[in-house]
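Everything numeric here is computed off the predicted structure, so don't read it as measured data. In this chain, residues are counted from 1 in sequence order.
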Amino acid sequence: MGDTATARAASGGLTATEHRLANGLRVVLSEDHLTPVAAVCLWYDVGSRHEVKGRTGLAHLFEHLMFQGSAQVKGNGHFELVQGAGGSLNGTTSFERTNYFETMPAHQLELALWLEADRMGTLLTALDDESMENQRDVVKNERRQRYDNVPYGTAFEKLTALAYPEGHPYHHTPIGSMADLDAATLEDAREFFRTYYAPNNAVLSVVGDIDPGQTLAWIEKYFGSIPGHEGKRPPRDGSLPDTIGSELREVVREEVPARALMAAYRLPEDGTRAADAADVALTVLGGGESSRLYNRLVRRDRSAVAAGFGLLRLAGAPSLGWLDVKASGDVEIPVIETAVDEELARFAAEGPTAEEMERAQAQLEREWLDRLGTVAGRADELCRYAVLFGDPQLALTAVGRVLDVTADEVRQAAAERLRPDNRAVLVYEPLTAEEAGPADQTDTATGEEAAASE
């Protein structure tokens with residue numbers, strides 16, 4: 001094991017040290033003795049952008065398979081051991097990574113490291129048809145509950161498919177399609193694991209009440225013998241022109257409680273000054289109840305009951321500015337859309353006021369402090385900057401780059417990108433009573449039937 005960097009002072013006095021094992025595993029440690037807890041976070045450089053057509057959803061499926069047992073930990077043992085020790089845990093999948101994390105009482109840190117190493121090194125010994133089928137069904141049910149059977153649940157999937165063209169690595173979302181989930185084989189899963197779940201494709205961060213020397217010794221003991229893998233294929237190129245060039249639009253008629261206007265604007269890639277300027281712009285325009293769009297649509301016009309505008313930061317493709325407006329009563333979408341475009345045009349011409357700049361930058365600074373203020377949040381941010389940008393230290397200084405953005409840069413970001421010819425638009429229209437079908441007239445439905453009809 002060799003050190004590749006030393007601790008250096010950062011914003012708020014936070015520091016991190018970096019190390020690398022002989023098998024390629026990158027390790028980031030950050031001491032914080034305020035409370036007797038420790039967070040372990042493991043990011044694998046694999047997400048839905050690494051998938052190919054016909055096999056979407058494998059990254060997310062594997063997030064679930066990783067909790068199905070390994071050589072020394074059977075079945076649901078990972079959950080049982082962590083929770084039995086007083087810890088918490090989970091995993092998530094995105095376009096650009098899959099992560100796993102535990103927060104433990106400090107004296108149980110070794111257990112969390114051993115558990116993560118055991119499944120990194122030996123998961124294939126426990127992966128069989130039974131666990132594959134079990135988790136395939138779990139993921140398909142998750143899709144039903146979070147996407148297919150909830151109001152506006154398909155919005156994210158539909159808008160990303162519009163914003164990124166067919167064949168683009170971000171065209172499909174991490175949840176995957178039902179057909180692809182059904183088509184995935186056990187050998188597909190095994191090959192996916194061998195390719196991406198290797199130490200040289202991962203970053204491990206440990207943050208909290210730790211002894212760095214002891215922690216490194218445990219990491220070397222449990223992870224050091226796991227072999228690396230050189231067969232990883234790089235993700236396909238995600239670059240696109242700065243703007244879409246014309247508005248893309250889809251109208252969705254579904255059983256939703258209200259009309260909705262949603263839009264995705266193509267914005268600069270994460271890690272750039274232009275992305276930070278766009279973040280400030282979207283915060284002024286739609287970041288909370290003091291924002292311009294909220295004041296215009298909800299407070300003044302009363303044409304909407306909710307209005308928000310935020311940035312989905314992406315490193316391997318253009319980011320997305322995400323607009324979400326829910327209409328009030330019988331207000332038509334063109335009325336809302338006209339008001340939105342008026343506010344965006346005014347902002348592009350005039351830019352933010354000094355007060356708006358101060359408020360937006362303070363809001364983004366608070367969000368940054370919230371992320372770094374917990375050991376789990378800091379561990380995740382250190383992994384994020386290590387995997388996506390090659391330098392975990394950037395996590396400790398990120399807010400400085402946002403605070404350095406000028407009002408004119410913010411205005412320019414809006415003028416160049418927040419335009420009708422640079423957005424994908426989704427309009428939700430509720431079904432009429434006739435389209436929704438006749439209501440159930442019986443009074444004898446069972447509890448299960450009643451729940452299913454809601």
Side-chain angles (χ1 to χ4, degrees), residues 144-163 173 244 246-266 281-312 320-349 356 414 418-443 445 449-454:
R144 295 185 191 99
Q145 292 180 336
R146 294 177 55 189
Y147 284 72
D148 299 335
N149 297 333
V150 295
Y152 317 109
T154 58
F156 183 62
E157 191 171 44
K158 289 179 181 296
L159 266 183
T160 52
L162 279 175
T173 55
I244 297 173
S246 63
E247 183 183 84
L248 307 173
R249 180 177 293 258
E250 182 178 341
V251 177
V252 182
R253 300 191 65 84
E254 288 185 0
E255 286 193 75
V256 291
R259 292 187 176 97
L261 171 67
M262 301 183 191
Y265 292 77
R266 187 179 292 177
L282 298 188
T283 303
V284 173
L285 287 163
E289 295 183 4
S290 63
S291 66
R292 289 196 182 194
L293 289 176
Y294 192 93
N295 279 321
R296 170 72 185 271
L297 298 170
V298 180
R299 286 204 172 100
R300 197 193 91 177
D301 296 355
R302 298 186 178 180
S303 59
V305 295
F309 211 174
L311 180 63
L312 174 61
L320 293 180
W322 205 269
L323 174 71
D324 187 350
V325 183
K326 302 298 192 304
S328 175
D330 294 327
V331 175
E332 300 281 348
I333 291 301
V335 173
I336 292 174
E337 196 164 7
T338 297
V340 168
D341 286 342
E342 288 175 359
E343 291 301 319
L344 295 186
R346 184 164 68 89
F347 188 81
E356 286 175 327
L418 301 182
R419 304 175 349 205
D421 65 348
N422 186 39
R423 67 186 177 196
V425 176
L426 207 59
V427 174
Y428 276 89
E429 290 285 350
L431 297 177
T432 64
E434 292 77 14
E435 290 172 324
D440 187 355
Q441 299 297 315
T442 67
D443 294 321
E449 292 169 337
S453 67
E454 291 176 354

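Under the 3.5 Å distance criterion, the side-chain polar atoms of D324 are left unmatched by any main-chain donor or acceptor of G308.
Results of the side chain to side chain contact (heavy atoms under 4.5 Å, CB included) test with Y265 over L320, L282, L344, I244 single out L344 as the only residue that passes.
Residues E254 and E429 are not in side-chain contact: their nearest non-hydrogen atoms beyond the backbone lie 4.5 Å or more apart. Within the 4.5 Å cutoff, side-chain heavy atoms of L323 are placed close to those of L293. Within the 4.5 Å cutoff, the side chain of V427 has no heavy atoms near those of the E250 side chain. Side chains of W322 and L159 form a contact here, defined as non-hydrogen atoms less than 4.5 Å apart.
L285 and E343 make their closest contact through CD2-O, 4.4 Å (heavy atoms, listed as atom of the first residue, atom of the second, distance). When all heavy atoms of L311 and G321 are compared, the closest pair comes out as CD1-N, 4.5 Å. Considering every non-hydrogen atom in both N295 and E289, the closest pair reads OD1-O, 3.8 Å. Nearest heavy-atom pair across P430 and R259 is CD-CG, 3.6 Å. In terms of heavy-atom proximity, M262 sits nearest to A155 at SD-CB, 3.4 Å. Shortest non-hydrogen contact noted between R253 and T432 is NH2-CG2, 4.2 Å.
Note: T283 OG1 to R292 CZ = 13.0 Å, rounded to the nearest 0.5 Å. The OG atom of S303 sits 9.0 Å away from atom CD1 of I333, with the distance rounded to the nearest 0.5 Å. How far OG1 of T154 is from CZ of R146: 14.0 Å, rounded to the nearest 0.5 Å. Atom NZ of residue K326 and atom CG of residue L297 lie 12.5 Å apart, to the nearest 0.5 angstrom.
For the pair K158 and Y428, the cation-pi test (distance below 6.0 Å, angle within 45°) is failed.
For D421, the CG atom sits in a packed shell: over 12 heavy atoms of surrounding residues, nucleotides or ligands are nearer than 6.0 Å. Counted within 6.0 Å of CZ on R144, heavy atoms from surrounding residues, nucleotides or ligands total more than 12; the atom is thus considered enclosed.
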Exercise. Are R249 and E337 close enough, and set up right, to give a salt bridge (Lys or Arg N to Asp or Glu O under 4.0 Å), and what steps lead you there?
Worked result: CA-CA 13 Å; R249 180 177 293 258; E337 196 164 7; 2.4 Å; yes
For this session: Show your working on side chain to side chain contact (heavy atoms under 4.5 Å, CB included) between L261 and V425 and close with a plain yes or no.
Result: CA-CA 7 Å; L261 171 67; V425 176; 3.7 Å; yes
For this session: Show the numbers, then the answer: is there a side chain to side chain contact (heavy atoms under 4.5 Å, CB included) between F309 and V340?
Result: CA-CA 11 Å; F309 211 174; V340 168; over 6 Å; no
For this session: Report the C-alpha separation of Y152 and V252 in whole Å, then their side-chain angles, then the decisive distance to 0.1 Å, and conclude whether the side chain to side chain contact (heavy atoms under 4.5 Å, CB included) test is met.
Result: CA-CA 9 Å; Y152 317 109; V252 182; over 6 Å; no
Exercise. Going through the checks in order, is the salt bridge (Lys or Arg N to Asp or Glu O under 4.0 Å) test met by D341 and R423?
Worked result: CA-CA 12 Å; D341 286 342; R423 67 186 177 196; 2.8 Å; yes
For this session: For V251 and L426, run side chain to side chain contact (heavy atoms under 4.5 Å, CB included): C-alpha distance rounded to whole Å, both residues' side-chain angles, the deciding distance at 0.1 Å, then the answer.
Result: CA-CA 6 Å; V251 177; L426 207 59; over 6 Å; no
